[in-house]
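Notes follow once the structure below has been shown.
Just so it is clear: chains get the letters A, B, ... in the order the sequence lines come, proteins before strands, and each one is counted from 1.
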Amino acid sequence: MRFMLLFSRQGKLRLQKWYLAMSDKERKKMVRELMQVVLARKPKMCSFLEWRDLKVVYKRYASLYFCCAIEGQDNELITLELIHRYVELLDKYFGSVCELDIIFNFEKAYFILDEFLMGGDVQDTSKKSVLKAIEQADLLQEDGKERNVQ
Amino acid sequence: MSMAGRMRMGVKDFVERMPAPIRLRELIRTIRTARTQAEEREMIQKECAAIRSSFREEDNTYRCRNVAKLLYMHMLGYPAHFGQLECLKLIASQKFTDKRIGYLGAMLLLDERQDVHLLMTNCIKNDLNHSTQYVQGLALCTLGCMGSSEMCRDLAGEVEKLLKTSNSYLRKKAALCAVHVIRKVPELMEMFLPATKNLLNEKNHGVLHTSVVLLTEMCERSPDMLAHFRKLVPQLVRILKNLIMSGYSPEHDVSGISDPFLQVRILRLLRILGRNDDDSSEAMNDILAQVATNTETSKNVGNAILYETVLTIMDIKSESGLRVLAINILGRFLLNNDKNIRYVALTSLLKTVQTDHNAVQRHRSTIVDCLKDLDVSIKRRAMELSFALVNGNNIRGMMKELLYFLDSCEPEFKADCASGIFLAAEKYAPSKRWHIDTIMRVLTTAGSYVRDDAVPNLIQLITNSVEMHAYTVQRLYKAILGDYSQQPLVQVAAWCIGEYGDLLVSGQCEEEEPIQVTEDEVLDILESVLISNMSTSVTRGYALTAIMKLSTRFSCTVNRIKKVVSIYGSSIDVELQQRAVEYNALFKKYDHMRSALLERMPVMEKVTTNGPTDIVQTNGETEPAPLETKPPPSGPQPASQANDLLDLLGGNDITPIIPTVPTSKPASAGGELLDLLGDLNLTGAPPSAPASVPQLSQPPFLLDGLSSQPLFNDIASGIPSITAYSKNGLKIEFTFERSNTNPSVTVITIQASNSTELDMTDFVFQAAVPKTFQLQLLSPSSSIVPAFNTGTITQVIKVLNPQKQQLRMRIKLTYNHKGSAMQDLAEVNNFPPQSWQ
């Protein structure tokens, strides 16, 4: 995977994870363009489209679009499963997740994503395992508020 | 208390009473209340100022909070570079909270192109050795997502160490981090080899999954690694088998399937290992068959696994039964209600249609049904696949569907579809009448989308079908009576009416009921075309010439014709004026030549003229291709393409050819006539015509072999194909056929394919041959070479080689790729002797 974007129907970016080096300016341009393309899609159309030299897999969950740009040899259908897995993780963590959760807790959304994926690939295929790691890290954060981590 | 003491107290109070920076959620809430962009900008600027001063004070307590706020504002699109160093300070902190935000900030704000990112390296190194695994995890994650080459070089050793740990939490992360290191610094791949030894022995799915990813990356990059890891095939097969056969495992289950992510990655690794290797392919045969038959297909997750399985089966050396199984899976996918599955099936079928043509043919009707899908991407693939499946047996049925598609599809498809139909019709037409009817249908339904350079080809086709002339002209006449707005249609019709007008008025049609039409009615329609605002200049040229030709075919209306012609002698349109003046001259001074000049055109061999079809004319400004006896043109109007080729080929010994370009550059029929006129040394010839050249050695082939046999050897002629060009992902292959009727003619079909990840657009192929040859380029199938070898551009070249000299060719390619204009020249010298002897 090259990058993942989360954005609302109004075109507001809620999360951007880039797995390749690119300047801020280029990123902004790509985000703007891709958002436009995806938001213009009609509901009946399929979840895949070709954009520049990439394949884009996107799925809408309530008011949020989850959008992944993958490479030629990547499997589009399993990418849909990957997106779904991430949504499930968020859901379990926040308890019936909605867009507001991600807006107000964006750093947590990143932490969860970084525990699930690295460099664009899945780190752990067990939901339980990922959530447990996040939980432990959160505890560490709480502990650390009282004393320093050794 | 002393004065100084009091002052110190005062300052301390003051500092302590300064408000703490607002909390992150508070800021988010506040910013969201902004009603306008300006209001938001103001809030952001205020907060940024506060954050900046807080940073200046080196406040450790609130640094984390401030950076978090900065990251939020960065996501909204505001600049946040002044927070970069602060991220580094957070990373160096001992507090876990600080590190978490610091690393996140580094990943979002730091750019490997700026040297400041290197300051992270030491911190990461320390954290990789931290006693707390979650800190180590943060470091691995950051390195694995955005580590630059320098950082990777410095830290690869640490990653390698962690790859060997027994802590599965760290091991899985180290594996993916290693993948990133290898991508950034491929030379470091070797050092990870020892650590891969026992990776697949792990029980932990996380480690297994990431290990498979690591192994895949290594095998893809190095043939040596690939050979080395082939021995893992049995183990991979075993793991996959366990996943399928094992009972329900709640931890990894997705809709009843056990760890689909791992299954897919294993299948992908097997694909790489089995490619081009008989033994490995055989070892995985059974498991592939098992997965293909046992996987539950009711949900997307099962289909994802099946899809990967199909890709693997098609890519390795699988036995034919397995291949058929794979194609049948794709066939079933085509019937799935889920659009995504249909899309994926069509894409895969497009890749396999060349190699497994017969198997794909079986699913033709389903594919054709997809032409009616609502999704544009699906329609496009279905169209491409349909064209790939057309053959002599199914041409009638397929053409019906394709014509229906042409009628109803979106405008963006029409040009490609029309070109595809013409190509298919030319190759497989069961009869001349059918061919003409098909062309007519395309012209009338999508007439304005037909590429302008198809017009001369169609005209040649019509000329060659001698017995159909009356039928053709009648149908064309009827077609434009109702509507003469579609330029390509009108051009073809005008030309035909000019040629065969006598057949039209004499009602000679055999194929259908002849219509009653008078000479005046015919002239009416042609004049309407001349006058109409919708007619382009080129179309008007066709119409005027047609009218002129009718002067020798009609008997009652010659005076009317004379009048029309003389009126246009003062037309503002220079092109029209020029013609009219010449035609006037024909009437006045050269009336004795008129009937000979305007005689019926002889049947043209397809290989013939290098004139009209190749002229890229815009109102006669471009020079037509100069013929061999003429020195390289140094005239005032550079035919830029011709000159380019000449320059590059160094002088006189090559005849440059201006190829047909698939843009709206109309070919002028007037050019043909001018060529003929040129033969006769007219005075007052226009500057751009070759008429100024005296006795042209008018190509003798104009009168050669008046045969209506198909020019192609349909049977494989046994001449080996060659790869004429292969560079930068662009490959051009030549396949050869010799003419049945004329042994000096060789027909070359070029196929351009593109293995890169990005389409090549505006693709133009040009060719030049030595002086003793003649060359003709027909129009290409499209101007886009799609990425990933998902399609090709086809174009036909006819070469006339009367002296049976060794064939040589210089080609020039221009296209747009990855946003820049590309150009290349190459020589093709590897023509097989059977292609020219």
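- With a 4.5 angstrom heavy-atom cutoff, A787(B) does not touch chain A via any of its atoms.
- Put simply, the side chain of K28(A) gets close to the backbone of G77(B): a donor and an acceptor are under 3.5 Å apart.
- Side-chain contact between M107(B) and D114(A): present, with at least one pair of heavy atoms (C-beta onward) separated by less than 4.5 Å.
- Heavy atoms closer than 4.5 Å to chain A are found nowhere in Y103(B), neither backbone nor side chain.
- With chain B as the partner, the residue from I103(A), L80(A), L15(A) showing the most heavy-atom pairs under 4.5 Å is I103(A).
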Check against side chain to side chain contact (heavy atoms under 4.5 Å, CB included), N75(A) and R265(B) | CA-CA 10 Å; N75(A) 181 326; R265(B) 289 302 322 212; over 6 Å; no

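- Using a 4.5 Å cut-off between heavy atoms, L311(B) makes no contact with chain A at all.
- In terms of heavy-atom pairs under 4.5 angstrom with chain A, the leader among V301(B), V213(B), V207(B), D253(B) is V301(B).
- The choice from G206(B), A304(B), G137(B) that makes the most heavy-atom pairs within less than 4.5 Å of chain A is A304(B).
- Nearest heavy atom pair, residue S129(A) against residue K172(B), reads OG-NZ, 4.0 Å.
- Between F104(A) and R29(B), the closest heavy-atom pair is CE2-N, 3.8 Å.
- D138(A) and R100(B) are joined by a salt bridge, as a carboxylate oxygen and a charged side-chain nitrogen come within less than 4.0 angstrom of each other.
- Interface remark: K173(B) contributes backbone and side-chain atoms alike to the contact with chain A (heavy atom separation under 4.5 Å).
- Only the side chain of K17(A) comes within contact range of chain B, with heavy atoms under 4.5 Å apart.
- Salt-bridge annotation for E50(A) and R381(B): present, with a side-chain N of the basic residue lying under 4.0 Å from a carboxylate O of the acidic one.
- Residue contact with chain A, scored on non-hydrogen atoms closer than 4.5 Å, involves the backbone and the side chain of M75(B) alike.
- Interface check for chain B: of the options E71(A), Q73(A), R85(A), the most heavy-atom pairs under 4.5 Å are formed by Q73(A).
- Of all heavy-atom pairs spanning Q141(A) and F96(B), the tightest one is N-CD2, 3.8 Å.
- Between G119(A) and C145(B), the closest heavy-atom pair is N-SG, 3.7 Å.
- You'll find the side chain of Y307(B) reaches within 4.5 Å of the side chain of E76(A), heavy atoms only.
- Most heavy-atom pairs under 4.5 Å with chain A, from the set V344(B), D338(B), L374(B): that is V344(B).
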Evaluation steps, side chain to side chain contact (heavy atoms under 4.5 Å, CB included), between E142(A) and T97(B) = CA-CA 8 Å; E142(A) 286 306 311; T97(B) 317; over 6 Å; no

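- In this structure, CD in E308(B) is found 9.0 Å from CG in D74(A), a value given to the nearest 0.5 Å.
- The contact between R27(A) and chain B is made entirely by side chain atoms (from C-beta outward), counting heavy-atom distances below 4.5 Å.
- Heavy atoms closer than 4.5 Å to chain A are found nowhere in E217(B), neither backbone nor side chain.
- Only the side chain of F106(A) comes within contact range of chain B, judged by heavy atoms closer than 4.5 Å.
- With hydrogens and angles left out, the side-chain atoms of D121(A) and H209(B) include no donor and acceptor closer than 3.5 Å.
- With a 4.5 Å cut-off on non-hydrogen atoms, L100(A) touches chain B through its side chain but not through its backbone.
- Top candidate by heavy-atom pairs under 4.5 Å with chain B, chosen from R52(A), Q16(A), K128(A), Q136(A), is Q136(A).
- Among M146(B), R268(B), H205(B), the residue making the largest number of heavy-atom pairs under 4.5 Å with chain A is R268(B).
- When heavy atoms are compared at a cutoff of 4.5 Å, L71(B) approaches chain A by way of both its backbone and its side chain.
- Taking N340(B), L176(B), D373(B) one by one and counting their heavy-atom pairs under 4.5 Å with chain A, the maximum is reached by N340(B).
- The backbone N or O of K818(B) lies less than 3.5 Å from no partner atom in the side chain of D53(A), so there is not a single donor-acceptor pair.
- Contact check for M118(A) versus V179(B): no side-chain heavy atoms found under the 4.5 Å cut-off.
- Between F261(B) and F116(A), the ring planes lie perpendicular to each other; the angle is over 60°, past the 30° to 60° tilted range.
- By number of non-hydrogen pairs under 4.5 angstrom with chain B, the leading residue of L13(A), T79(A), L117(A), V130(A) is L13(A).
- A salt bridge is absent between E107(A) and K69(B); no separation between the charged side-chain nitrogens and carboxylate oxygens falls under 4.0 Å.
- Proximity to chain B (any heavy atom under 4.5 Å) is shown, for S23(A), by both the backbone and the side chain.
- Chain B forms more heavy-atom pairs under 4.5 Å with one residue of K12(A), M22(A), H84(A) than with any other, namely M22(A).
- For the set L76(B), D259(B), V254(B), T210(B), the entry with the most heavy-atom pairs within less than 4.5 Å of chain A is D259(B).
- For the residue pair C46(A) and Y343(B), the shortest heavy atom distance occurs at SG-CD1, 3.8 Å.
- Here I78(A) is the residue among L20(A), L49(A), V31(A), I78(A) with the most heavy-atom pairs under 4.5 Å with chain B.
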